[in-house]
Amino acid sequence: MTEIAHFNGKLLPLDQIHVSPLDRGFIFGDGVYEVIPVYGGAPLRAREHFERLQRSMDEIRLENPHSVDEWIALTHELLQHHPGNQSVYIQVTRGAPPKRDHVIPKGLKPTVFMMCYPLASPSREAIENGVACVTARDFRWEKCHIKSTSLLGNVLARQLSADEGATETIMLRDGMLTEASASNVFVVKDGVVSAPPRDNLILLGITYDLLVKLASEGAIRLEVRPIPEAELRAADEVWLSSSTKEVLAVTTLDGKPVGSGKPGAAFRRMHALYQEHKSRLAPRRPVPA
Ligand code: PDD
């Protein structure tokens, strides 16, 4: 039996879902998406994810077929078929017009697709020892704040690290830190955490915002400001954040150790705050007798 997914208002087996080759998502990458982590049936920050989906849709002039509350209800409906820890993937494209034309057609029905797959949380090894990253020039476009399905820039960036057996590619634009191919990046110096500005050059991660909130609640000093390459390279700690990676320490950058070469004290504190936050949200499931 194949998994159940959502397609244009219906729940269907994944292998019975077919998309038109004229769909603008296929032809132009003309669509937006979200990835929401789910712990024991409880989505983490679903509202924030669907609010960001709305912002992405506004940016690409695509009318949202659902309100945030409707999206949340659809997510729970799909999760009935997928217990446990999951990633929910949501994609909305501009739909399938009768012919290929760059101009945005009027009155097109968007294509809505949602699926689940088991959440690949970081391994104990990755949490305890950190991960390797490489750096690259950020050669993507100037609308990185849109969570667009046009991910070729991110795909090519990610491959540079995959080729080296590393976890992520951390990118620099005009000598300033932006983000990684599928994660946000934080640096720590003398106990102060810094994050790049919330502008058009990064995707404003839901996890980024959660770390900012946890830092403020946990009395960790955190500054949002431009971060020059030299600060990235001289940092005591570098972290990655994303809905699937949570928060991870980067312990080597371009083959050189970051700080002591081990996950630092600030990371361990933030990781603990994150786990505590997750445990507060997840419903307590009854222990089977
Ligand atoms: N990626 N920056 C980029 C370019 C990303 O693709 C992602 C997430 C993030 C972190 O965002 P969030 O904290 O909201 O997950 C930052 C997702 C997980 C993906 O494409 O699979």
Side-chain angles (χ1 to χ4, degrees), residues 3-14 16-17 19 23-25 30-96 104 106-119 121 143 145-149 184 198 203-214 216-217 241-244 246 274 276-286:
E3 299 128 59
I4 298 295
H6 172 114
F7 185 62
N8 291 338
K10 293 197 184 83
L11 288 178
L12 294 167
L14 191 55
Q16 282 176 30
I17 294 174
V19 181
D23 193 286
R24 289 178 63 102
D30 185 355
V32 291
Y33 77 106
E34 282 296 329
V35 180
I36 307 179
V38 175
Y39 298 94
L44 183 63
R45 309 211 112 199
R47 184 160 296 278
E48 286 81 354
H49 279 278
F50 287 119
E51 285 170 358
R52 182 173 64 185
L53 184 67
Q54 180 67 62
R55 291 196 296 278
S56 295
M57 294 178 88
D58 291 344
E59 287 283 344
I60 72 160
R61 307 203 230 167
L62 178 56
E63 208 179 311
N64 196 336
H66 301 298
S67 66
V68 168
D69 286 330
E70 284 166 4
W71 278 117
I72 292 174
L74 292 173
T75 303
H76 283 287
E77 185 185 55
L78 184 59
L79 285 172
Q80 297 295 307
H81 299 266
H82 302 271
N85 294 355
Q86 297 285 329
S87 282
V88 183
Y89 176 84
I90 301 109
Q91 167 168 328
V92 187
T93 76
R94 207 178 297 277
I104 297 176
K106 290 204 173 72
L108 208 58
K109 206 169 149 294
T111 305
V112 174
F113 173 61
M114 300 169 76
M115 66 174 169
C116 291
Y117 42 88
L119 180 64
S121 291
K143 288 180 184 272
H145 61 301
I146 302 173
K147 200 160 170 66
S148 162
T149 57
N184 289 114
R198 301 171 150 94
L203 180 78
L204 181 51
I206 302 303
T207 321
Y208 169 122
D209 264 346
L210 178 56
L211 296 195
V212 170
K213 180 173 173 278
L214 293 175
S216 131
E217 289 168 5
S241 79
S242 84
S243 294
T244 44
E246 305 184 343
Y274 195 94
E276 195 190 304
H277 179 80
K278 261 168 54 181
S279 68
R280 268 187 270 135
L281 281 184
R284 309 247 176 275
R285 276 177 301 167

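Note that these values count all heavy atoms, side chains included, but never hydrogens, waters or copies made by symmetry.
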Q.
Heavy-atom count check: over 12 atoms from other residues, nucleotides or ligands less than 6.0 Å from E70 CD?
A.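 Counting other residues, nucleotides and ligands, CD of E70 exceeds 12 neighbours.
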
Closest approach of [X] to [Y] (non-hydrogen atoms, all atoms of both residues):
| X | Y | result |
| --- | --- | --- |
| I4 | H81 | CG1-ND1, 3.8 Å |
| A5 | L14 | CB-CD1, 3.8 Å |
| I60 | V32 | CD1-CG1, 3.8 Å |
| L53 | I90 | CD2-CG2, 4.3 Å |
| H76 | P43 | CE1-CD, 3.6 Å |
| P110 | E63 | CG-O, 3.9 Å |

Any side-chain heavy-atom pair of [X] and [Y] under 4.5 Å:
| X | Y | result |
| --- | --- | --- |
| V212 | R198 | yes |
| T75 | F50 | yes |
| H277 | L214 | yes |
| T93 | F113 | no |
| E246 | S121 | yes |
| I36 | Q86 | no |
| L210 | I206 | no |
| S243 | L44 | no |

Examine distances only and state if a side-chain atom of [X] and a backbone atom of [Y] form a donor-acceptor pair shorter than 3.5 Å.
| X | Y | result |
| --- | --- | --- |
| D30 | G25 | no |
| R52 | L203 | no |
| Q16 | P13 | no |
| R45 | P37 | no |

Q: Look at the rings of H66 and H6 and say which category their plane angle falls in: under 30° parallel, 30 to 60° tilted, over 60° perpendicular.
A: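 Ring orientation of H66 relative to H6: perpendicular.
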
Please report the interatomic distance [atom1]([X]) to [atom2]([Y]), rounded to the nearest 0.5 Å.
| X | Y | atom1 | atom2 | result |
| --- | --- | --- | --- | --- |
| M115 | I17 | CE | CD1 | 9.5 Å |
| Y33 | S148 | OH | OG | 8.0 Å |
| L79 | I72 | CG | CD1 | 11.5 Å |
| R61 | R94 | CZ | CZ | 8.5 Å |
| C116 | Q80 | SG | CD | 11.0 Å |

Q) Under the side chain to side chain contact (heavy atoms under 4.5 Å, CB included) criterion, do R47 and D69 qualify, and how do the steps go? A) CA-CA 8 Å; R47 184 160 296 278; D69 286 330; 2.6 Å; yes

Q: Take M114 and L74, measure what side chain to side chain contact (heavy atoms under 4.5 Å, CB included) needs, and give me the verdict at the end.
A: CA-CA 9 Å; M114 300 169 76; L74 292 173; 4.0 Å; yes

Q) Given L204 and H145, is the side chain to side chain contact (heavy atoms under 4.5 Å, CB included) satisfied, shown in steps? A) CA-CA 6 Å; L204 181 51; H145 61 301; over 6 Å; no

Q.
Could you walk me through whether T207 and N184 satisfy the side chain to side chain contact (heavy atoms under 4.5 Å, CB included) test, starting with their C-alpha distance in whole Å, then the side-chain angles of each, then the deciding distance to 0.1 Å, before giving a yes or no?
A. CA-CA 8 Å; T207 321; N184 289 114; over 6 Å; no

